[in-house]
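For reference, the structure is listed below as structure tokens.
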Amino acid sequence: ACMAEKSWGELLHAHSPALDEQNREDFAFLSSPTALTAREKLLMALALDSMANKPAGSKHYGEEAVKAGASKEQILDTLTIVRMFAGRGALATACEALRQFK
């Protein structure tokens with residue numbers, strides 16, 4: 001695949017193993033319990049990526065939050081907070097997290 005077809009993570013891996021490793025460590029932190037549960041941290045990541053207008057991240061972190069035990073209602077609460085603090089545009093981005101619910 002040409003570079004234009006690769007995800008940002010694949011590009012990072014190909015061009016900077018050190019940054020790729022940091023990125024993997026960050027996701028390992030988000031995905032494991034510390035003072036916060038993995039579910040709580042992933043819901044926060046969903047909110048933050050939504051506020052930064054990153055729809056792929058919103059979808060990804062929503063899916064990961066559900067894998068970590070988040071309910072649809074917890075995703076919807078997160079979307080409500082996103083709307084309260086960042087407005088309708090961020091809410092539209094955050095709705096990518098709902099694609100997993102049929």
Side-chain angles (χ1 to χ4, degrees):
C2 74
M3 288 298 181
E5 296 170 352
K6 291 188 177 192
S7 71
W8 71 269
E10 291 168 326
L11 287 169
L12 195 58
H13 179 75
H15 293 280
S16 178
L19 279 174
D20 181 54
E21 183 58 29
Q22 282 184 316
N23 186 51
R24 290 174 190 277
E25 288 172 8
D26 291 345
F27 189 73
F29 172 78
L30 286 174
S31 301
S32 57
T34 54
L36 295 171
T37 66
R39 183 188 73 236
E40 290 166 331
K41 291 189 279 186
L42 291 161
L43 289 170
M44 291 170 78
L46 161 60
L48 292 166
D49 256 14
S50 299
M51 288 183 229
N53 194 28
K54 306 293 184 201
S58 300
K59 181 176 183 290
H60 172 74
Y61 289 122
E63 290 168 351
E64 292 298 320
V66 168
K67 288 180 193 173
S71 67
K72 181 175 166 182
E73 291 74 21
Q74 289 171 322
I75 298 286
L76 289 168
D77 276 359
T78 302
L79 270 59
T80 300
I81 294 167
V82 165
R83 185 203 50 79
M84 289 168 59
F85 284 87
R88 188 174 169 159
L91 173 61
T93 300
C95 282
E96 289 298 318
L98 295 173
R99 292 200 185 277
Q100 66 191 303
F101 300 106
K102 304 296 179 218

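Just so we're clear, the structure is a prediction, and the values are computed from it rather than from any experiment.
Linking ILVMFWY side-chain heavy atoms closer than 4.5 Å, directly or via other members, places Phe101 and Leu46 in a single hydrophobic cluster. Leu98 and Leu91 fall within a single hydrophobic cluster, where Ile, Leu, Val, Met, Phe, Trp and Tyr side chains are chained together by heavy-atom contacts under 4.5 Å. Note on Leu43: it does not cluster hydrophobically with Met51, by side-chain heavy-atom contacts below 4.5 Å among ILVMFWY residues. Note: the hydrophobic cluster containing Leu19 also contains Trp8 (ILVMFWY, side chain heavy atoms under 4.5 Å, direct or indirect links).
Looking at Asp49 and Ser58, their side chains never bring a donor and an acceptor atom within 3.5 Å of each other.
Gln74 CD to Leu42 CG: the interatomic distance, rounded to the nearest 0.5 Å, is 12.0 Å. Summarising the geometry, atom CG belonging to Asp20 is positioned 11.5 Å from atom NE2 belonging to His15; distances are rounded to the nearest 0.5 Å. Note that the NE2 atom of His13 and the CD atom of Glu21 stand 10.5 Å from one another [nearest 0.5 Å]. With rounding to the nearest 0.5 Å, the separation of OG in Ser50 from CD1 in Ile81 is 12.0 Å. For the atom pair OG (Ser71) and CZ (Arg39), the distance works out to 8.0 Å, reported to the nearest 0.5 Å.
When every heavy atom of Ala45 is checked against every heavy atom of Leu30, the shortest pair comes out as CB-CD1, 4.3 Å. Nearest heavy atoms, Ala97 versus Gly62: CB-CA, 3.8 Å. The shortest non-hydrogen separation linking Thr78 to Ala47 is CG2-CB, 4.0 Å.
Within a 6.0 Å radius of NZ in Lys41, more than 12 heavy atoms belonging to other residues, nucleotides or ligands are found.
Taking the charged nitrogens against the carboxylate oxygens, Glu63 and Lys67 have no contact shorter than 4.0 Å, which rules out a salt bridge. Glu96 and Arg99 are joined by a salt bridge, as a carboxylate oxygen and a charged side-chain nitrogen come within less than 4.0 angstrom of each other.
Identified under the ring pair (Phe, Tyr, Trp, His ring centres under 6.0 Å) test for residues 37-84, with sequence neighbours left out: Phe27-His60.
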